[in-house]
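Worksheet for the structure shown next.
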Amino acid sequence: MAVIITDECISCNACEAECPNTAIYSPGMTYNIGGTEYPALSEDHTYIAFDKCTECVGFYDEPQCIAACPTEAIVKDENRVETNEQLMAKKEHLDKVGR
Ligand code: SF4
Ligand code: SF4
């Protein structure tokens, strides 16, 4: 499953640099996949573009952003459960189209 940022976030952006998929964006910023822009998913705090998050599968054993967060604002998104195979396929898709 992807991970999600909750209201505990203070938008310090410590997590952003840790993401191998460039899935983490500042509040209000559009996100981008393969050169296509999509509307921001939060105006209030740093957010994760769920269609770019592989839970770090394909890069690391653990989600890097969760470890980096000082306020424990990042949690598994129970509404977006994905298997390891699906997460790997997502990673390979991003490899192809660009992050
Ligand atoms: S779990 Fe990994 S891929 Fe997903 S947002 Fe966090 S650092 Fe990025
Ligand atoms: S590290 Fe935590 S508090 Fe900082 S921007 Fe990321 S989610 Fe928000």
Side-chain angles (χ1 to χ4, degrees):
M1 67 193 84
V3 301
I4 191 168
I5 296 179
T6 67
D7 289 344
E8 301 300 312
C9 174
I10 55 169
S11 296
C12 71
N13 281 353
C15 54
E16 194 177 331
E18 302 301 322
C19 181
N21 284 313
T22 65
I24 305 178
Y25 292 83
S26 298
M29 269 188 71
T30 57
Y31 73 97
N32 162 329
I33 300 179
T36 305
E37 300 270 323
Y38 297 91
L41 299 181
S42 174
E43 299 291 330
D44 303 325
H45 55 67
T46 301
Y47 73 89
I48 291 171
F50 57 84
D51 42 9
K52 297 182 79 174
C53 173
T54 64
E55 236 185 285
C56 288
V57 166
F59 297 97
Y60 304 106
D61 291 339
E62 297 290 333
Q64 300 297 290
C65 55
I66 290 179
C69 181
T71 64
E72 299 183 0
I74 309 178
V75 297
K76 302 271 176 85
D77 185 350
E78 300 296 340
N79 293 320
R80 293 201 173 85
V81 177
E82 294 162 288
T83 65
N84 262 26
E85 289 70 27
Q86 287 171 318
L87 291 166
M88 187 54 87
K90 197 192 263 188
K91 188 250 181 204
E92 285 166 1
H93 173 71
L94 292 169
D95 286 344
K96 216 177 291 170
V97 301
R99 293 173 170 79

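Ligands are counted one by one from 1 in listed order, and the atoms in each one are counted from 1 as well. Bear in mind the structure is a predicted one, so any value in this text is a computation, not a measurement.
Counting only distance, with no hydrogens or angles, the side chain of Lys90 and the backbone of Asp51 share no donor-acceptor pair below 3.5 Å. Although no hydrogens or angles enter the test, the distance criterion places a donor-acceptor pair under 3.5 Å between the side chain of Lys52 and the main chain of Asn32. A donor-acceptor pair under 3.5 Å links the side-chain atoms of Thr71 to the main chain of Glu8, judged by distance alone.
Applying the side-chain hydrogen bond (donor to acceptor under 3.5 Å, both in side chains) rule to Glu16 yields the partners Asn13; only residues at least two apart in sequence or on another chain are considered. Phe50 is linked by a side-chain contact (heavy atoms from CB on, under 4.5 Å) to Ala2, Leu41, Arg80, counting only residues two or more places apart in sequence or in another chain.
Numbered from 1 in the order shown, with element, the atoms of ligand 2 that lie under 4.0 Å from a heavy atom of Ile5 read 7 (S). Using a 4.0 Å cut-off to heavy atoms of Ile74, the atoms of ligand 2 that qualify are 7 (S).
Of all the heavy atoms in Gln86 and Thr83, the pair that sits closest is OE1-N, 2.8 Å. Nearest heavy atom pair, residue Cys65 against residue Ile48, reads SG-CD1, 4.5 Å. Across all their heavy atoms, Ala49 and Tyr25 have their closest contact at CB-CE1, 4.3 Å. Shortest non-hydrogen contact noted between Ile24 and Cys15 is CD1-O, 3.5 Å.
Only protein atoms were considered; those of element N, O or S under 2.8 Å from atom 4 (Fe) of ligand 2 number 1.
The environment of Glu37 atom CD is dense: over 12 non-hydrogen atoms of other residues, nucleotides or ligands sit within 6.0 angstrom.
Around atom 4 (Fe) of ligand 1, the protein N, O or S atoms closer than 2.8 Å are Cys53 SG, listed by chain and residue number.
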